Amino acid sequence: MINFEYAQPRTEAEAVEFLQSHGGQTAVLAGGTDLFNLLRSDLIAPKRVVDIKRIDSLKGIQQVSDGLLIGAATTLDEILASPLLSPYHSLRQIADAHHSMQIQAMGTVGGDLCHLPNCWYFRNGYGLLGTVNGESLAADGRNQFHAIFGNRGPAMFVSASRFAPALIAWGAKVRLVGPAPDQVELMPLEYFYVNPKTDKQSVTVLQPGQFVTHVWLPAVEPTSPVEQLSAAYEVLQLEGLDWPLASAAVTLGVSAGIVREAQVVLGHVAPTPWVSLDAATVLMGREVTVELAESAAEAAVAHATPLSENDYKVSIARAAVKRAILKAVDMLNV
Amino acid sequence: MRDPSTDSRETLPRESSGESSGRSGSGVNRRDFLRGTGAAVAATAMVSQVQETIAQEKKKVEAVAPAAPVEVKLTVNGKEHTLQLEPRVTLQEALHHDLQLTGCKDVCGAATNCGACTVIVDGKPVYSCATLAIETVGKKVTTAEGVAAMEGVSQVINAFVKHDATQCGYCTPGFVVAVKAFVDKNPGANLEQILKGLGGNLCRCGTYAGVEQAAVECCKGGK
């Protein structure tokens, strides 16, 4: 781990200023659970680390007129403890599924969204695209944990974020500040992610000097005739410190037993969170049954393009979608 | 790096618009007082504004620690230590190498992969290998040595001994700290909750059964 300056801004504007220095060769420190892994492997070598945990506006969850704002430095155990988030079942389920008190105490929402891929070629220094002399190592190599969707380009890794699929299914937006001093953007979370086509691109739209400050969630109206249901289902190999092999998150708007709105998003199956309009379409206007959930799950994976060693992930993704749908309507009996 | 507990930044108005931000800061109070005192005020206010700009610039310089050894005050197991550390020094390195608290171990060498470096910071269990020492200035750090010295906590250690919850010993201090943090928060937890709560610690020898039994006993017996 190379030496670096350590900056502790107190405001968003100060953070942008601090991130600008050294030509943008800076890194944001929130919970540190990913950053230290990258630093210690010398995968990044920032001249300055900017710790955003002392910025009051980035901490906690607040109600705004049209929904909720979750500060980027909000930790997973704060997500679990927040009464404001109790209607958002899928988010609580994901925070709860991190079977590590330490990760729950340290890890932040912003950090999860910006987590770099766990692809072993990337983590061992072959770049996000995992190439040697322009040849992809994952394409014909050990790709059992790699993408089964969106893998026809040079990127084979899977998006690491565990919250992104559930947040996208809720229609969340992400608020970014920088790199210009007063630049603020609010964009649908889905558009935040990039499937890189060249080694100059990263996994998100973030530019040097820009960072995530908040996640905006639409309000859930308890009196609305359309009930908002949600669930997330992650498939993990291990019980403790592990990453999902595949996951699915659904949000359903249900009125008189009929699905009126549906969002189905898969995680850890593609270089970005993977929205399945096909699965959502199957659910629309129907009553959720085991058979319907199976059909939607089938539709979700119908166009999968598994690599040489990860055919099994198609079955796992299918099961995750089916179970997330059934879990949302409280029909999951496993 | 100075100790935030004695830091005056908290009481200074942060922004130049701090005038309207209430009466909590000493600077704001001074200005509120000056506002009512007539013609001489304008000049004085200008002076105070210049002073404030200087203070803000100073604050910015203080908010960035250089890539060189700086003074870091750590409060560990109830004792204050002043160390000269580069910002890149992790809490685990400072505890193990500088303070000789060798219970806190870097075992996975990769950050957040094993839990052997678990310490309690302000009541929460954290991986000290993924925390900078400089981040914990002004916070209370408790290591396995601190847990062992705590009154009533010998229960956790006794339970480890009783249930033979240690083999090679590398993961043990991290596990003891994790169990202590877990039991404090969940004194009545069942086995399922214990397994989930302790999932962030690994044992290569596989003494999980012993650790689980030790944790179950601690949960039954309260703190």
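The figures here come from the full heavy-atom set of this structure, side chains too, leaving out hydrogens, waters and symmetry mates. Everything numeric here is computed off the predicted structure, so don't read it as measured data. Order of the sequence lines sets the chain letters (A, B, ...), proteins ahead of strands, with each chain counted from 1.
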(message) Using a 6.0 Å cut-off, check whether atom NZ of B/K140 has over 12 heavy atoms from anything other than its own residue.
(response) no

(message) Ignoring hydrogens, what is the shortest heavy-atom contact between B/T118 and A/Q102? Give both atom names and the distance.
(response) OG1-NE2, 2.9 Å

(message) Is A/M1 in contact with chain B via its backbone, its side chain, both, or neither, using a 4.5 Å heavy-atom distance?
(response) both

(message) With a 4.5 Å cut-off on side-chain heavy atoms, are A/K53 and B/E135 touching?
(response) yes

(request) Using a cut-off of 6.0 Å, state whether more than 12 heavy atoms not belonging to B/Q100 lie near its atom CD. (result) yes

(request) To the nearest 0.5 angstrom, please state how far the CD atom of A/Q104 sits from the NZ atom of B/K124. (result) 10.0 Å

(message) Is it the case that over 12 heavy atoms from other parts of the model lie below 6.0 angstrom from the CG atom of A/D330?
(response) no

(request) Return the option, out of B/L202, B/D106, B/T90, with the maximum number of heavy-atom pairs under 4.5 Å with chain A. (result) B/D106

(request) Let me know if A/T33 has heavy atoms under 4.5 Å from chain B in its side chain, its backbone, both or neither. (result) both

(request) For chain B, find which of A/L35, A/I2, A/L39 contributes the most heavy-atom pairs closer than 4.5 angstrom. (result) A/I2

(request) Measure the shortest side-chain to side-chain distance between B/T131 and A/M106 over non-hydrogen atoms and say whether it is less than 4.5 angstrom. (result) yes

(request) Would you mind checking which part of A/L238 comes under 4.5 Å of any heavy atom in chain B, side chain (CB onward), backbone (N, CA, C, O), both or neither? (result) neither

(message) Under 4.5 Å from any heavy atom of chain B, what part of A/D242 do you find: side chain, backbone, both or neither?
(response) neither

(message) Tell me the closest heavy-atom pair linking A/G32 and B/A130, and the distance in Å.
(response) O-CB, 3.7 Å

(request) Side chain from CB out, backbone as N, CA, C, O: work out which of these in B/C129 comes under 4.5 Å of a heavy atom of chain A, or both, or neither. (result) both

(message) If you count every heavy atom of other residues, nucleotides or ligands that lies below 6.0 Å from A/D42 atom CG, does the total exceed 12?
(response) yes

(message) On a heavy-atom basis, which atom in B/P87 and which in A/N3 lie closest, and how many Å separate them?
(response) CD-OD1, 4.1 Å

(message) So which residue, A/G31, A/A7, A/G240, A/A13, ends up with the most heavy-atom pairs under 4.5 Å with chain B?
(response) A/A7

(request) Supply the atom-to-atom distance B/T112 OG1 to A/L241 CG, rounded to the nearest 0.5 angstrom. (result) 7.0 Å

(request) Report yes if the side chains of A/V49 and B/R88 come closer than 4.5 Å at any heavy-atom pair, otherwise no. (result) no

(request) Select one option (side chain, backbone, both, neither) describing which atoms of A/D51 are under 4.5 Å from chain B's heavy atoms. (result) side chain

(request) Step through the shown structure and confirm whether more than 12 heavy atoms of other residues, nucleotides or ligands are within 6.0 Å of CD on A/Q183. (result) yes

(request) Under 4.5 Å heavy-atom distance to chain A, tell me which part of B/P66 shows up: side chain, backbone, both or neither. (result) backbone

(request) Heavy-atom distances under 4.5 Å only: say whether B/A68 touches chain A with side chain, backbone, both or neither. (result) backbone

(message) Among B/N201, B/L132, B/L195, which residue has the highest count of heavy-atom pairs closer than 4.5 Å to chain A?
(response) B/L132

(request) Count the heavy atoms belonging to other residues, nucleotides or ligands that lie under 6.0 Å from OH of A/Y126, then report whether that count exceeds 12. (result) no

(request) Could you list the residues that satisfy ring-ring contact (aromatic ring centres under 6.0 Å, His included) with A/F36, not counting sequence neighbours? (result) none

(request) Against chain B, label A/R48 side chain, backbone, both or neither, depending on which of its atoms sit under 4.5 Å from a heavy atom there. (result) side chain

(request) Of all the heavy-atom pairs spanning B/P125 and A/A105, show the shortest one and how long it is. (result) O-CB, 3.5 Å

